[in-house]
Amino acid sequence: MRILCIGGGPAGLYLALLLKKADPRHAVRVVERNRPYDTFGWGVVFSDQTLGNLAAADPETARTITDAFNHWDDIAVHFKGRTITSGGHGFCGIGRKRLLNILQARCEALGVELVFESDVTDDVAAAQAFAADVAIASDGLNSRIRARYADSFAPDVDMRHCRFVWLGTKQRFPAFTFAFVETPHGWFQAHAYQYDGDTSTFIVETPEETWRASGLEAMSQQEGIAFCERLFAPWLGGHALMSNAAHLRGSAIWIRFPRVVCRTWVHWNAIAGRRVPVILMGDAAHTAHFSVGSGTKLALEDAIALARALQAPGDLAKALEAYEAERSVEVLKIQNAARNSTEWFENVKRYTAFEAEQFAYSLLTRSQRISHENLRVRDSAFVANLETWFADRAHPPAHPVSAAGPPQGANRAPDGGSAAATAASVGVVHRAAGLPQGARQQAALGGSAAATAASVGARHPPPMFTPFTLRGITLKNRVVVSPMAQYSCRDGTPDDFYLVHLGSRAHGGAGLVFTEMVCVAADARISPGCAGMYAPDHVAAWKRIVDYVHERTSAKIAIQLGHAGPKGSTQLGWEIADAPLAAGNWPLIAPSAIPYGPENQTPRAMTRADMDRVRDEFVNAARGAIEAGFDWLELHLAHGYLLSAFLCPLTNRRDDAFGGSLENRCRFPLEVFRAVRAVWPDDKPMSVRISAHDWAEGGNTPDDAVAIAKMFRAAGADLIDVSSGQTTRLARPVYGRMYQTPFSDRVRNEAGIATMAVGAIFEPDHVNSILMAGRADLCALARPHLADPYWTLHAAAQLGVSDAEWPVQYLAGKEQLERNLARAAQLAAEQPEANG
Ligand SMILES: Cc1cc2nc3c(=O)[nH]c(=O)nc-3n(C[C@H](O)[C@H](O)[C@H](O)COP(=O)(O)OP(=O)(O)OC[C@H]3O[C@@H](n4cnc5c(N)ncnc54)[C@H](O)[C@@H]3O)c2cc1C
Ligand SMILES: Cc1cc2nc3c(=O)[nH]c(=O)nc-3n(C[C@H](O)[C@H](O)[C@H](O)COP(=O)(O)O)c2cc1C
């Protein structure tokens, strides 16, 4: 086979050497426009895992690369005069030039033809000249070939929001270093790591507006570099910052990162009567933000997969399809993580009110690929310190748990080498707050540096088992049974099923148990089976359940009040959800006469009289909830029901004071909120559930969610329960683990109000990661609680929190479960290979 690689970066060179190694009969040529030692950039990083892949593909290259590596384990976060260090991360750094030279040398040794200083302007002509069977577009980020065949590849290029410059320095860094500096115009961050004996990469990044306001756009390259040297002087130890982009003028070294995705990776040309594929790989096919350090890894792993495909016997087209399918999935995974990471660095300001501990944790877990338990495996002392930090700030502070700790071996690892450094760095100085104003549970920031340091070693509960207080209500932990309609009432009255259903969830350990959406009137119901709070019988029936929860468990119980609006008069959840009843439908109301779907009834647009009636029904239901003894009241402003339909611009088309702008759309829901707040006791919290994203063109977005949250906070809401979607049939949500948590993060940290995250949170590790990173104050789980009412108690046993409160009647079960888990963990520790 004759293979032509256009572009001699990591992708092109590595593919060339792998192919030549696999079969020396191949003729492989790499054409590179630069000279052999010319390249942009400084060092690149790999994880230990990438090294393993390289060793399997070509041990020789892997060995040389490994010998040239600078290896480190620690990540140090420098923020507001503090340094938080976490260990066990396992990274390698290598100079880009060094890497390319190793690959070039290996290519030459194997007999690959390397052609330097040759800029390919026409890939077809180059392929023809070489009589290539296959042409590889390994021509990098700004791939000319990708642009030429844009109709086939359909590239989607998203220019990200920050400006960054890739510099080098002779300052040496013992850890992968993130440094954050505030200027009058905004925050700048440096990402720095040492990649050989005396050189480090030093990337400086800042949002576009901060870059412009700082005057960097008008500065020469040298002035811009001098600016960075002044800004980061405390980290540079007198060393200069260096650029190797002499060819770029003025501020052109400051670039915005383009996120590249291509629909297809293979284009077929007809050359001299033959079909010759042009195949994208590396940065030409995709990019992943530098903050996840994966661009070179992806390029090299593309090469491994493409070499395999080109060697496969049989149909080349099929083999290339397989290459594209395999690599697209891998790339998507990294790009998802990279997107979260990019957005974190674009929005550093959102987190700068945090204390350094939480700021560092938020940074480390930003991509959602690293969780609480991953971090514990990497550096158990670091996590223990942070758990102490969190528990000290819980209100009231959580006390150390009586257990010795989680079952040894399960998620625990021996303390990393940095434990001492971490202990020393945690608690250097305690700064105030760092949490959103108005997040009242965090208002009483107790604890001192000495106390934090002294308690290192004592085991505090993980974040999910710390208490949480709003107004006069203290929850024993941060797990919430999310509202879930059971469609099993007759005329709105909850019967024994509800007593058992909610009672067993209250026994199951969650700090707060929600009722389903309880409807404020008969015509406010979603279905004939829905629960109500509009008749004396309802109050009595709910009181029986609330009394049971209060008398027999330590859980608190919340009522969610709602009105179905345009989504009313439909079948039971397990019938055809959201479809009208076969018979006996009742008339519907909504902000505008817009049916939820084509099969749904068209509601009547509400008059002022309807609004008065509905507001009074909510108030009346709230009075019922007070009489029944509920601890907490939530208004349901999500999922397309009546109040949600006011908020959503797709369902609210009114041209009066209740439609149009977001302020107008919030007017009626706020009126209802205020009326309910006025009767709801002062010492009890009120939350609102919102759809933070309509997931539809023209609908509300997370920006709107932040604005909505601010309005409700000003009206006296204590917490926003951050859900999304279900407001329009046009919605195209993107599901995934914890998929709504980023909205909670935004609302909490931009609107400055406590939040509850919900949606595909199903492991204790998810809950702890979310809480510790300050992405929410509570986590609600719905479906996991249908599968397991005792989810929280099981999580406690798994995490070794032995003082979680089990019903005394069930203590024998608790002891056996804990024993069995400890035994399983011990076995796993003794036979680590069984863990794969
Ligand atoms: C600031 C920054 C930091 C980064 N940090 C990391 C990191 O830590 N870890 C990591 O893995 N990745 C990192 N990357 C990404 C990494 O540099 C790229 O993902 C990687 O180099 C991609 O390899 P490639 O071979 O596909 O493309 P490139 O390395 O861009 O190689 C393409 C080559 O093609 C040549 N070329 C282009 N057009 C032509 C033409 N028409 N004719 C001939 N030759 C041509 C170019 O000169 C170039 O040598 C970083 C990137 C940036 C911008
Ligand atoms: C059977 C069922 C009924 C639900 N009923 C309600 C409800 O009455 N009110 C509400 O706000 N959300 C309701 N939801 C949504 C859940 O509270 C939750 O937001 C959603 O299921 C995502 O969480 P999960 O991934 O933990 O299941 C319901 C969900 C389920 C599965």
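Computation of the quantities below employed the complete heavy-atom set of this structure, encompassing side-chain atoms and omitting hydrogens, waters and symmetry-equivalent molecules. When a ligand or atom number is given, it counts from 1 through the structure's own listing order.
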Under 3.5 Å, N or O to N or O, is [X] touching ligand 1 that way?
X: Ala284; result: no
X: Ile203; result: no
X: Ile6; result: no
X: Leu141; result: no

Quick one: side-chain contact (heavy atoms from CB on, under 4.5 Å) partners of Asp283, sequence neighbours excluded?
Leu141, Thr287
By side-chain contact (heavy atoms from CB on, under 4.5 Å), Val45 pairs with (sequence neighbours left out) Trp72, Phe176, Tyr193
Where ligand 1 meets [X] - atom numbers and elements under 4.0 angstrom, heavy-atom basis:
X: Ser118; value: 42 (N), 43 (C)
X: Ser138; value: 32 (C), 33 (C), 34 (O)
X: Val31; value: 43 (C), 44 (N)
X: Lys297; value: 11 (O)
X: Gly282; value: 26 (O)
X: Arg144; value: 41 (N)
X: Tyr193; value: 8 (O)
X: Gly140; value: 27 (O), 30 (O), 32 (C)

Where's the contact between [X] and ligand 1, heavy-atom distance under 4.0 Å: side chain, backbone, both or neither?
X: Phe257; value: neither
X: Ala11; value: both
X: Ala288; value: neither

Which option wins on minimum heavy-atom distance to [atom]: [options]?
atom: atom 23 (O) of ligand 1; options: Gly9, Pro10, Gly8; value: Pro10
atom: atom 42 (N) of ligand 1; options: Val120, Thr201, Leu280, Asp139; value: Val120
atom: atom 53 (C) of ligand 1; options: Phe116, Trp166, Phe290; value: Trp166
atom: atom 44 (N) of ligand 1; options: His191, Arg96, Arg33; value: Arg33
atom: atom 13 (C) of ligand 1; options: Ile94, Asn142, Asp122, Thr296; value: Thr296

Taking the basic N atoms (NZ, or NE/NH1/NH2) and the acidic carboxylate oxygens, is any pair closer than 4.0 Å for [X] and [Y]?
X: Glu208; Y: Arg163; answer: yes
X: Arg327; Y: Glu330; answer: no
X: Asp58; Y: Arg106; answer: yes

Angle between ring planes, Phe762 versus His766, binned at 30° and 60°: parallel, tilted or perpendicular?
perpendicular
What is the ring orientation for Tyr739 with Tyr735, classed by angle as parallel under 30°, tilted 30 to 60°, or perpendicular over 60°?
perpendicular
If you define the side chain from C-beta out and look only at heavy atoms, does anything of Asn269 sit under 4.5 Å from Tyr149?
yes
Could you tell me if the side chain of Ile526 sits less than 4.5 Å from the side chain of Met517, heavy atoms only?
yes
Checking His191 now: which residues fulfil ring pair (Phe, Tyr, Trp, His ring centres under 6.0 Å) with it, not counting sequence neighbours?
Phe178, Phe290, Phe345
Given Arg144, which of Asp122, Asp119, Thr121, Asp123 fulfils the side chain to side chain donor-acceptor pair (under 3.5 Å) condition?
Asp119
For the student: nearest non-hydrogen atoms of Ala776 and Thr755, plus distance
CA-OG1, 3.3 Å
Check: [X]/[Y] side-chain N/O donor and acceptor closer than 3.5 Å:
X: Ser341; Y: Arg366; answer: yes
X: Trp695; Y: Ser724; answer: yes
X: Ser687; Y: Asp721; answer: no

Within 45 degrees of the ring normal and closer than 6.0 Å to the centroid, is that where the cationic atom of Lys297 sits relative to Phe46?
no
Pairs under 3.5 Å, N/O atoms on ligand 2 and on the protein: can you put them in a table with the distances?
unit_1: ligand 2; atom_1: 5 (N); unit_2: Ala485; atom_2: N; d: 2.8
unit_1: ligand 2; atom_1: 8 (O); unit_2: Ala485; atom_2: N; d: 3.4
unit_1: ligand 2; atom_1: 8 (O); unit_2: Met517; atom_2: N; d: 3.0
unit_1: ligand 2; atom_1: 9 (N); unit_2: Gln560; atom_2: OE1; d: 2.9
unit_1: ligand 2; atom_1: 11 (O); unit_2: Gln560; atom_2: OE1; d: 3.4
unit_1: ligand 2; atom_1: 11 (O); unit_2: Gln560; atom_2: NE2; d: 2.9
unit_1: ligand 2; atom_1: 11 (O); unit_2: His636; atom_2: NE2; d: 3.0
unit_1: ligand 2; atom_1: 11 (O); unit_2: Arg689; atom_2: NH1; d: 3.0
unit_1: ligand 2; atom_1: 12 (N); unit_2: Pro483; atom_2: O; d: 3.4
unit_1: ligand 2; atom_1: 12 (N); unit_2: Arg689; atom_2: NH1; d: 3.1
unit_1: ligand 2; atom_1: 14 (N); unit_2: Pro483; atom_2: O; d: 3.3
unit_1: ligand 2; atom_1: 17 (O); unit_2: Ser482; atom_2: OG; d: 2.7
unit_1: ligand 2; atom_1: 17 (O); unit_2: Pro483; atom_2: O; d: 2.7
unit_1: ligand 2; atom_1: 17 (O); unit_2: Arg689; atom_2: NH1; d: 3.1
unit_1: ligand 2; atom_1: 19 (O); unit_2: Arg689; atom_2: NH1; d: 3.0
unit_1: ligand 2; atom_1: 25 (O); unit_2: Ala760; atom_2: N; d: 2.7
unit_1: ligand 2; atom_1: 25 (O); unit_2: Arg783; atom_2: NE; d: 3.4
unit_1: ligand 2; atom_1: 25 (O); unit_2: Arg783; atom_2: NH2; d: 2.6
unit_1: ligand 2; atom_1: 26 (O); unit_2: Ala782; atom_2: N; d: 2.8
unit_1: ligand 2; atom_1: 27 (O); unit_2: Arg783; atom_2: N; d: 2.9
unit_1: ligand 2; atom_1: 27 (O); unit_2: Arg783; atom_2: NE; d: 2.6

